[in-house]
Amino acid sequence: MHKIVKIVLIVLGLLGTLLWFMLPSSDVPAAEASQNTSMNLMFVMTYVLLAIAIIASVLFALAKLISSPESLKKTLFTLGGFAVVVVIAYVLASGTDVDMAGLAKNGIHTTEGEVRAIGAGLNVFVIMTLVAIVLMILPGVKGLFSK
């Protein structure tokens, strides 16, 4: 398997190098350069490599997660805590704190639900930031009083 991956990487590297030398020069207009086949193939190759990396990362993470019941329990506990934070943030978001008529007058058509979802996202960010700050400060304060 390791040799196959090396061979595939070498082939992709050579293909990328070949496509690099086939790119249009810098004096070609952008509209014409964007229609270049070698440039489009490089983008396709980038998307394929990105998809492979994402799929491999997810599969290896899931395999590691399933192999250890303790890590699975810890992950489910963390996801549950995050779900609680999202629910609290959504409950705290009102959705009525924005002037909808003013937004519509400026060409931004939105609903109360969209505003509430944005507010919930901001609330999640603030709550998670506060949790991170507390978790950074707490060990330092514990260390001061334990000596």
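Counting heavy atoms from C-beta outward, Lys142 and Pro139 have side chains that stay 4.5 Å or more apart. Val141 places a side-chain heavy atom less than 4.5 Å from the side chain of Ile137.
Across all their heavy atoms, Lys64 and Ser71 have their closest contact at O-OG, 3.9 Å. Looking at every heavy atom in both residues, Ala93 comes nearest to Ala120 through CB-N, 3.6 Å. Smallest separation of non-hydrogen atoms from Asn123 and Ala89: ND2-O, 3.2 Å. Residue Met22 comes nearest to Ser38 through the heavy atom pair O-OG, 3.2 Å, listed as atom of the first residue, atom of the second, then distance.
Follow the hydrophobic side-chain contacts under 4.5 Å out from Met45 and you reach Phe21 in the same cluster. When hydrophobic clusters are built by joining Ile, Leu, Val, Met, Phe, Trp and Tyr residues whose side-chain heavy atoms come closer than 4.5 Å, directly or via intermediates, Tyr47 is grouped together with Leu19. In the hydrophobic cluster analysis, where Ile, Leu, Val, Met, Phe, Trp and Tyr join through side-chain heavy atoms closer than 4.5 angstrom, Val85 is grouped apart from Tyr90. Leu49 and Leu41 fall within the same hydrophobic cluster, defined by Ile, Leu, Val, Met, Phe, Trp and Tyr side-chain heavy atoms under 4.5 Å apart, directly or through other members. Val86 and Val126 are not part of a single hydrophobic cluster, where members link through side-chain heavy atoms under 4.5 Å apart.
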* Asked: Should Val124 and Phe82 be marked as a side-chain contact (heavy atoms from CB on, under 4.5 Å) after you check the CA-CA gap, both sets of side-chain angles, and the distance that decides it?
  -> CA-CA 9 Å; Val124 167; Phe82 185 69; 4.0 Å; yes
* Should His109 and Leu103 be marked as a side-chain contact (heavy atoms from CB on, under 4.5 Å) after you check the CA-CA gap, both sets of side-chain angles, and the distance that decides it? -> CA-CA 7 Å; His109 301 289; Leu103 287 174; over 6 Å; no
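Between the NZ atom in Lys73 and the OG atom in Ser68 there is a gap of 11.5 Å [rounded to 0.5 Å]. Ile52 CD1 to Leu12 CG: the interatomic distance, rounded to the nearest 0.5 Å, is 7.0 Å. How far CG of Leu14 is from CG of Leu18: 8.5 Å, rounded to the nearest 0.5 Å. The line from CG of Asn36 to CE of Met42 is 10.5 Å long, rounded to the nearest 0.5 Å. Residue Leu62 holds its CG atom at 10.0 Å from CG of Leu72, rounded to the nearest 0.5 Å. To the nearest 0.5 angstrom, Lys74 atom NZ is 11.5 Å from Leu65 atom CG.
Panel note: side chain Glu114, backbone Thr111; a donor-acceptor pair is recorded below 3.5 Å.
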